[in-house]
Amino acid sequence: MKINHKIAVHAYKFDGSLYRTFEFPRVIYENEKYIILDLQNCRIISQAKNQKFYHSYSKKDSLWVLFKEEWYNLFININDKNKIIYYFNVATPFLFEEDAIKYIDLDLDVRVIDVNTQIEMIRVLDEREFETHANKMLYPKKLVNKALEVTEDILYKLQTKSFQNIFNADLFKQLDKIINKSRKK
């Protein structure tokens with residue numbers, strides 16, 4: 001993927017239904033382990049519970065780290081200079097085809113609030129939704145176990161500070177330079 005290239009991202013549910021589309025986040029960084037997308041001014045099309053789609057735009061400074069081999073991706077929302085919200089989304093590793101990133105969302109999420117590089121709160125979200133969808137969409141037992149294992153692994157890495165390479169002020173300084181440079185183009 002080329003830096004500053006705009007792509008689409010399609011999130012599906014296990015039954016194959018399109019859950020959310022991100023139009024057109026910009027690639028700002030890529031290495032062998034992950035890519036980082038800039039979500040500012042990206043249009044987001046989501047499916048509501050009543051099966052209708054609604055549109056919104058990302059106005060905040062938001063980055064999205066999509067890992068190439070991990071069973072999660074990571075949204076980083078920068079609310080102000082002292083507060084960053086990390087949102088781990090348990091999902092299949094992504095595929096890149098037809099100029100779009102595609103993955104299956106597995107419902108479970110872990111939200112982390114970071115104030116001045118100190119983790120203030122860690123919370124697992126959407127456990128009921130995961131159980132409901134696992135039953136309704138007939139998730140294989142192996143997939144259920146994988147999603148639960150990944151969630152526990154994220155929590156363990158947060159507690160043992162194994163994510164320090166992501167939760168690092170120097171990384172954000174570097175990303176800020178990349179973002180500001182590419183937004184000026």
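Residue numbers start at 1 and run along the sequence shown. Hydrogens, waters and symmetry mates play no part in the numbers below; they use all other heavy atoms, side chains included.
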Exercise. Under the salt bridge (Lys or Arg N to Asp or Glu O under 4.0 Å) test, which residues partner Lys68, sequence neighbours left out?
Worked result: Glu30
Seminar exercise, completed: Heavy atoms of Ala147 and Leu106 approach each other most closely as CB-CD1, 4.3 Å
Exercise. Can you find a heavy atom in the side chain of Trp64 that is under 4.5 Å from one in the side chain of Leu66?
Worked result: yes
Problem set entry | Pairing residues for Asn135 by the side chain to side chain contact (heavy atoms under 4.5 Å, CB included) criterion, not counting sequence neighbours | none
Exercise. With sequence neighbours excluded, what pairs up with Ile122 under the side chain to side chain contact (heavy atoms under 4.5 Å, CB included) test?
Worked result: Val110, Val112, Ile119, Leu155, Leu158
Problem set entry | salt bridge (Lys or Arg N to Asp or Glu O under 4.0 Å) partners of Glu97, counting only residues at least two apart | Lys102
Problem set entry | Partners passing salt bridge (Lys or Arg N to Asp or Glu O under 4.0 Å) against Asp153 (at least two apart in sequence or in another chain) | Lys157
Problem set entry | Partners meeting side-chain hydrogen bond (donor to acceptor under 3.5 Å, both in side chains) with Tyr12 (sequence neighbours left out) | none
Exercise. Strictly by modelled atom types, are Tyr87 and Asn77 linked by a side-chain donor-acceptor pair under 3.5 Å?
Worked result: no
Exercise. With sequence neighbours left out, what residues match Phe24 under side chain to side chain contact (heavy atoms under 4.5 Å, CB included)?
Worked result: Lys6, Ala8
Problem set entry | Side-chain (Thr92) to main-chain (Ile104) donor-acceptor, under 3.5 angstrom | yes
For this session: Measure the spacing between CD of Glu70 and CD1 of Ile154 and express it to the nearest 0.5 Å.
Result: 9.0 Å
For this session: Return each pair, listed once, that meets side chain to side chain donor-acceptor pair (under 3.5 Å) where at least one residue sits in residues 138-148; pairs must be two or more places apart or across chains.
Result: Asp107-Tyr139
Exercise. Passes side-chain hydrogen bond (donor to acceptor under 3.5 Å, both in side chains), Asp99 versus His5? Steps please.
Worked result: CA-CA 10 Å; Asp99 217 23; His5 183 69; 3.1 Å; yes
Problem set entry | By salt bridge (Lys or Arg N to Asp or Glu O under 4.0 Å) - contacts of Asp105 (at least two apart) | Lys13
Exercise. Is the ring centre of Phe67 less than 6.0 Å from the ring centre of Tyr72?
Worked result: yes
Exercise. Residues in ring pair (Phe, Tyr, Trp, His ring centres under 6.0 Å) with Tyr103, at least two apart?
Worked result: none
Problem set entry | Pairs satisfying side chain to side chain donor-acceptor pair (under 3.5 Å), at least one member in residues 121-132, at least two apart | none
